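On a predicted model such as this, the values are computed, not experimentally measured, just so you know. Ligands are counted one by one from 1 in listed order, and the atoms in each one are counted from 1 as well.
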Amino acid sequence: MTIEIGNIALRERVSQFLADDPGKLLIGGAWVEASSGERFSTIDPATGAVIAHVARAREADADKAVSAARTALISPAWAKMTPAARSALLWRIADVMQEHLEDLAELETLDQGKNLRTSLFGEVPAAISQFRYYAGWPTKITGETIPTSLSRTPPGKEVFAYTRREPVGVVAAVVPWNSPLIMTAMKLAPALAAGCTIVLKPAENTPLTALYLGRLLQEAGVPDGVVNILTGYGTEAGQALADHRGVDKLAFTGSTAVGKRLVSSAAGSLKRLTLELGGKSPSIIMPDADLPAAIEGVSRGIFDNGGQVCVASARIYAHRDVYQDVVDGMAAAGDKLRLGHGLDSAADLGPLVSRAQAERVSDFISEGRVEGATVVTGGTLSGPADTFFSPTVLTDVRADMRLMREEIFGPVAVVTPFDDLDEVVGWANDSDYGLAASVWTEGLSNGHRVASALEAGTVWVNCHSFLGPELPKGGHKESGWGYENGAQGLENYLETKTVVMVI
Ligand code: NAD
């Protein structure tokens with residue numbers, strides 16, 4: 001069977017998935033309705049049409065899912081699985097995802113809005129690469145033997161001490177809507193590598209690829225209860241997981257406002273907590289930069305995915321010698337992008353994720369205009385559901401304006417001229433956020449100097465948004481706690497146990 005969106009026919013497996021009532025919860029290996037029987041709809045943001053009705057999980061469902069995850073944690077099928085077998089399982093997940101790459105990409109685009117090329121060539125492959133990268137880790141999780149100097153050793157005996165690295169336990173993974181499958185993979189892959197079990201809560205706007213992935217995990221042979229999936233609202237299913245005493249670790253990616261609230265939720269049981277939060281990333285363009293590359297890089301950095309990217313290059317500081325070229329170049333790059341349904345191959349940029357998000361972005365621009373900002377290009381909302389926001393370049397934005405200080409999460413760049421390097425580093429650091437930054441220069445020493453001075457979890461030199469599963473990613477300041485990716489990403493899911501023996 002084939003479902004059509006406008007005049008675009010969906011892929012057969014996607015059509016089948018949608019026709020087969022995909023909206024149940026995955027708990028303990030079974031697809032079930034929410035305890036209340038309630039559902040909510042997920043919407044194609046380009047058209048406003050309902051794509052599917054999915055289960056609305058609440059506290060009772062969180063209880064069931066956490067209990068299933070606890071059971072699976074100590075089940076022989078999981079707890080006794082050898083590291084090599086866990087490794088093979090992660091690789092198999094990647095293989096199964098690869099077989100369904102185009103289906104996952106189409107579904108992500110339909111649900112989130114992003115252009116299909118972004119899903120197909122960027123995000124789904126990036127999600128798969130998380131599983132391939134972490135597939136290498138289970139066989140390399142080792143403790144240490146530790147020589148001790150304890151004076152209480154009985155005569156004739158000695159102390160033998162070592163550490164074991166153990167899975168932290170049941171993980172609640174709560175993810176946002178901007179890049180749903182990548183965000184999911186960034187939590188599932190290291191958590192599975194460490195031997196944890198998981199309750200995943202996708203964002204209410206974008207539950208579909210998580211539900212599709214749930215089927216793929218089963219196909220790959222993930223034991224029942226090891227990954228459970230609860231669709232629902234943040235304040236209901238999400239909050240229930242955050243408060244739950246059966247959850248050992250909360251791995252959250254989302255807004256700084258919610259992240260701060262979760263600190264108190266986690267305090268109840270002192271569950272482990274990592275927070276990957278918002279940003280307002282600066283990009284500094286030096287006079288010696290390769291200007292076409294810089295303009296292209298920062299334009300992509302803010303316009304890709306409609307600016308709904310945590311590390312988006314939202315604040316551009318261009319040296320006065322190149323300022324006008326940067327403003328003109330970014331405006332031209334924005335104007336060139338054709339807005340259209342994510343599945344329309346003639347389009348470059350899809351809608352924002354929802355009408356609410358589009359209105360929020362629009363409000364920022366209206367407020368900025370009143371406060372004196374100049375809209376060089378963009379700033380308009382269009383489309384059948386009023387969700388398409390045109391790529392926007394603003395100048396004359398003061399440091400105290402909300403446009404400069406708050407995360408907009410839309411395709412909105414603010415460009416400001418600077419004269420002096422120390423001055424601009426001060427401006428770049430004048431933010432509550434500290435997620436990422438970039439500097440564009442052909443000068444090696446300036447590159448190093450600025451990379452060292454910027455307060456950010458990631459600094460790119462002559463590139464932006466270059467991310468990979470082996471590169472630690474996390475936020476300084478109010479952009480988060482802890483790091484994902486790489487060895488540090490695995491640490492999030494491990495506890496250390498020290499064993500001291502008198503022998
Ligand atoms: P959000 O904070 O509103 O929601 C994120 C997730 O948390 C969703 O699944 C939501 O349902 C859930 N949630 C909401 N309230 C909750 C509560 N009280 N208890 C538990 N869960 C709750 O964020 P969003 O609007 O979905 O996503 C955009 C934000 O995510 C932006 O701020 C962006 O910068 C951030 N983000 C950060 C990173 C990173 O790696 N640092 C990556 C992507 C997105």
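- In terms of polar-atom proximity, Ser255 is counted as a contact of ligand 1, with an N or O under 3.5 Å from an N or O of the ligand.
- A donor-acceptor contact closer than 3.5 angstrom links the side chains of Ser265 and Gln239.
- Side-chain N/O atoms of Ser119 and Thr109 include a donor and acceptor closer than 3.5 Å.
- Here's the thing with Leu277: one of its N/O atoms is less than 3.5 angstrom from an N/O atom of ligand 1.
- Nearest heavy atoms, Thr184 versus Leu213: CG2-CD2, 3.9 Å.
- Ring orientation note: the planes of Phe40 and Tyr233 are tilted relative to one another, at an angle of 30° to 60°.
- The nearest pair of heavy atoms linking Ala347 to His341 is CB-O, 3.9 Å.
- Ranked by closest heavy atom to atom 40 (O) of ligand 1, the top entry among Lys473, Arg360, Glu236, Glu204 is Lys473.
- The proximity of Glu407 to ligand 1, defined as any non-hydrogen pair under 4.0 Å, is limited to the side chain.
- For ligand 1, the polar-atom distance check against Thr256 finds no nitrogen or oxygen pair separated by under 3.5 Å.
- Close contacts of ligand 1 with Gln239, meaning ligand atoms under 4.0 Å from a residue heavy atom, involve 17 (C), 18 (N), 19 (N), 20 (C).
- Per-residue contacts place Asn178 under 4.0 angstrom from the following atoms of ligand 1 (heavy atoms of the residue considered): 43 (C), 44 (C).
- In summary, the atoms of ligand 1 found under 4.0 Å from a heavy atom of Met183, numbered by their order in the structure, are 42 (C), 43 (C).
- With a 4.0 Å heavy-atom cut-off, ligand 1 is reached by the backbone of Val175 but not by any atom from C-beta on.
- With 3.5 Å as the limit, one finds no donor-acceptor pair spanning the side chains of Trp460 and Thr458.
- Residue Gln308 places no heavy atom under 4.0 Å from ligand 1.
- Residues Thr47 and Asp44 bring a donor and an acceptor atom of their side chains to less than 3.5 Å of each other.
- Considering backbone and side-chain N/O of Ser479, none are found under 3.5 Å from N/O of ligand 1.
- In terms of protein heavy atoms, atom 15 (N) of ligand 1 is closest to Val258 CG1, 3.6 Å.
- Proximity of Val311 to ligand 1, defined as any heavy-atom pair under 4.0 Å, is not found for any part of the residue.
- Residue Thr253 holds the heavy atom nearest to atom 5 (C) of ligand 1 of all those in Thr253, Thr206, Val174.
- Atoms of ligand 1 lying under 4.0 Å from any heavy atom of Leu262, numbered from 1 in the order shown and given with element: 19 (N), 20 (C).
- Annotation: atom 25 (O) of ligand 1 to nearest protein heavy atom, Trp177 NE1, 3.0 Å.
- For the residue pair Gln130/Asn485, the side-chain donor-acceptor check at 3.5 Å is satisfied.
- If you look at Val309 next to ligand 1, there are no close heavy atoms at all, none under 4.0 Å.
- By heavy-atom distance, the residue among Pro176, Cys310, Gly278, Gly254 lying nearest atom 35 (C) of ligand 1 is Gly254.
- At the shortest separation from atom 7 (O) of ligand 1 among protein heavy atoms lies Phe252 CE1, 3.1 Å.
- Atoms of ligand 1 lying under 4.0 Å from at least one heavy atom of Leu435, given by number and element, are 41 (N).
- Looking only at atom types and distance, the side chain of Thr42 has a donor-acceptor partner in the side chain of Asp111 under 3.5 Å away.
- Ring pair Phe409/Trp177: centre-to-centre distance below 6.0 Å.
- Scanning the protein for heavy atoms near atom 28 (C) of ligand 1, the closest one is Phe409 CE2, 3.5 Å.
- Two rings, from His100 and Tyr212, have their centers less than 6.0 Å apart.
- Taking every non-hydrogen atom of Glu276 and a distance limit under 4.0 Å, the qualifying atoms of ligand 1 come out as 37 (C), 38 (C), 39 (C), 40 (O), 41 (N).
- Ser35 and Lys64 share a side-chain donor-acceptor pair at under 3.5 Å.
- Looking only at distances, a side-chain donor or acceptor of Glu108 sits under 3.5 Å from a matching main-chain atom of Leu181.
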